[in-house]
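The structure displayed is predicted, hence computed values, not measured ones.
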Amino acid sequence: MLSYKSVLLGVLAGVVLTGCQTVSEKTQTAQREINNTETPSLSQGHSLTGNKSTQKTKVNHSDLWQLTRSEMQLALHIDKPRVKSQLNWYKKHPQYFDRIVKRATPYYYYILNEAIRRDIPVELALLPIVESAYDPFAYSHGRAAGPWQFIPSTGKHFGLRQDWWYDGRRDIISSTQAAYNYLEQLQKRFDGDWLLALAAYNAGGGNISKAIKRNRRKGLNTDYWSLDLPKETMAYVPKLLAISELIKHSDRYNLQLKEIPNEVHFAVVDTHSQIDMAQAASLAGISTKELYLLNPGFNRWATSPSGPHRLLVPHANATQLRQALVDLPDSERVKWARYKIKSGDSLISIAKKHETTVQLIRSTNNISGNNIRAGSTLLIPTASKRSNEYALSQHQRHLERQKSISRKTNKQQSHHIVKSGDSFWSIAKKYRVGVRQLARWNSMAPGDPLNIGKRLVIWTAPQQKMLSEADRQIIRKVGYKVRNGDSLSRIASKFNVNVSDILRWNKLSKSRYLQPGQRLTLYVDVTRTIN
């Protein structure tokens, strides 16, 4: 009979491995030190040798949580105060795991079984819970992206491409391979100690090496629990251990984990070249949203023209998509628009208008420079569906963020066009808002580059009209009790105020109905006649 690992090797065969490194959002400085390989040998605190017994009997499990429990390797150190503290928090928030399970379901089979195939602790498959809450679109103020939270420089150093079309840090296969490659590298660097490897994954190998040297000089132990590390790293490893303990003994903690079937969720389909995401979803018989969730690395309405030329689709739909791609002419993989150049147009403005890149317009139309002539026609690849069909593209996610903000705030939206010399700090100062807040409004991080001409969204408090002393004497705060038949417009008319003012004064939503007996606060000019 084939062993479980033999079966996995067959299931996972053919997946292209891409090396990279990952780090946490708050340790960017430490991450620049990852090339410092000078590490003292350790004399204490080995957590795990890294090899499982070959005599262990393999059991088929129908649920991935059962499989996870059966394959766990790490000592969970639940007697440690830091682990107890994290355990107590998670025990009090069981709804957190409901959200995690829902997000992890499409990816967990692959990520867990890849850990088993590599013969590394399966607890590492739970690390995206700590890093991103298993959200493939997570993006931090430290510029870390994807389920494993890579910063740009680390991702690029280890081969995760990031461009206008594609971000490999969010690619499920590439980022997972990258994270495991890095963790294995760190485990070897720290003499087989997985807890030190995990700490280094968060704080950077250089920081852990320095902490070990400091302890050695003082004659102290050099295991993870004995080191003086950044506050985040002191909590980081205990979070993973606490999560592992809760999953391992979910019955003991009365944690109800929704089952994730132990079966292949997605298959890899070779597309050979660029293809419109909405068209690919239609060919596969799934929604565009489902396709984006399995392929979060693609930023736009189509896959990247320079690859990777593959799509993950539900396993049951893979054959359908493969056959449809065979029958699809190359000319129909993306929709082509003919654009007549107008006076004042530039390649940049045309590319923005059609949600594509200058480079692609150049290559498609055999243009070597930036000179274009009014009246000439360009052939431009363009989306085949309306923009809302690409709901999880980068642009649509940004628009949805603005809608979400507008529903939750009384602030007004304005815009700022980036000029030469602008920075997040200077723009935030001008509008009297926080730098991180400004970046978050625009789905960016404070360290992201600001391109000249970029349109930033600004949310600020409504400008209050400056009142003269005489005005202040006649404006009065009035309490009003809503009566049967009242409406916002009727009350506004009665007191000679605007509906928008009533909403703002009382932090109301226009979509919510007024209730009889509800009390409102109004600011009324008492010299005016009230109907």
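With sequence neighbours excluded, the residues forming a ring pair (Phe, Tyr, Trp, His ring centres under 6.0 Å) with His93 are Trp89, listed by chain and number. The salt bridge (charged side-chain N to carboxylate O under 4.0 Å, His left out) search around Arg252 returns Glu245, not counting sequence neighbours. In terms of the salt bridge (charged side-chain N to carboxylate O under 4.0 Å, His left out) criterion, Asp276 has no residue partners (sequence neighbours excluded). Listed by chain and residue number, nothing satisfies the salt bridge (charged side-chain N to carboxylate O under 4.0 Å, His left out) test with Arg103 (two or more places apart in sequence, or in another chain). With sequence neighbours excluded, the residues that form a salt bridge (charged side-chain N to carboxylate O under 4.0 Å, His left out) with Asp501 are Arg504. Take Phe266 and apply the ring pair (Phe, Tyr, Trp, His ring centres under 6.0 Å) test, not counting sequence neighbours, and it matches Tyr110.
Although no hydrogens or angles enter the test, the distance criterion places no donor-acceptor pair under 3.5 Å between the side chain of Thr233 and the main chain of Leu229. Under the 3.5 Å distance criterion, the side-chain polar atoms of Asn365 are matched with a main-chain donor or acceptor of Ile361. The main-chain N or O of Ile247 is found under 3.5 Å from a side-chain atom of Arg69 such that the two form a donor-acceptor pair. The closest donor-acceptor contact from the side chain of Asn442 to the backbone of Ala439 lies at 3.5 Å or more, if one exists at all. Judged by distance alone, with hydrogens and angles left aside, the side-chain atoms of Ser426 form a donor-acceptor pair with the main-chain N or O of Ser423 at under 3.5 Å.
Within a 6.0 Å sphere centred on CG of Leu255, heavy atoms belonging to other residues, nucleotides or ligands number more than 12. Summarising the local packing, CD of Gln66 is surrounded by more than 12 heavy atoms from other residues, nucleotides or ligands at distances under 6.0 Å. More than 12 heavy atoms of other shown residues, nucleotides or ligands fall within 6.0 angstrom of atom NZ in Lys342.
Annotation: Tyr108 is in aromatic contact with Trp65 [ring centroid separation under 6.0 Å].
Defined by atom type and a distance below 3.5 Å, a donor-acceptor pair is missing between the side-chain atoms of Tyr236 and Gln86. Donor-acceptor pairing under 3.5 Å is lacking for the side chains of Tyr339 and His354.
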Can you check ring pair (Phe, Tyr, Trp, His ring centres under 6.0 Å) on Tyr480 and Phe495, steps first, answer last? CA-CA 10 Å; Tyr480 180 77; Phe495 290 94; 5.4 Å; yes
Kindly indicate, with the supporting measurements, whether the criterion ring pair (Phe, Tyr, Trp, His ring centres under 6.0 Å) is fulfilled by His265 and Tyr107. CA-CA 7 Å; His265 187 89; Tyr107 321 119; 7.9 Å; no
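Annotation for Trp164 and Arg300: closest pair O-NE, 2.9 Å, computed over non-hydrogen atoms. When all heavy atoms of Ala138 and Ser132 are compared, the pair lying nearest together is CB-CB, 3.8 Å. The shortest non-hydrogen separation linking Asp63 to Ile260 is OD1-N, 3.0 Å. Counting all heavy atoms, side chain and backbone alike, Ala133 lies closest to Tyr96 at CB-OH, 4.0 Å.
With salt bridges taken as basic N to acidic carboxylate O contacts below 4.0 Å, none links Arg169 and Asp171. At a threshold of 4.0 Å, the pair Asp167-Arg170 counts as salt-bridged, since one of the basic side-chain nitrogens sits closer than that to a carboxylate oxygen.
Rounded to the nearest 0.5 angstrom, Thr356 OG1 and Ile350 CD1 are separated by 11.5 Å. To the nearest 0.5 angstrom, Arg338 atom CZ is 7.0 Å from Thr377 atom OG1. Interatomic distance, OG1 of Thr176 versus CG of Leu112, reported as 11.5 Å (0.5 Å rounding). Note that CG of Leu488 is 12.0 Å distant from CG of Asn498, once rounded to the nearest 0.5 Å. Between the OG atom in Ser287 and the CD atom in Glu290 there is a gap of 5.0 Å [rounded to 0.5 Å]. To the nearest 0.5 Å, atom CG of residue Leu64 and atom CD of residue Glu259 are 9.5 Å apart.
Classified by interplanar angle (parallel below 30°, tilted 30° to 60°, perpendicular above 60°), the ring pair Phe298/Tyr166 is tilted.
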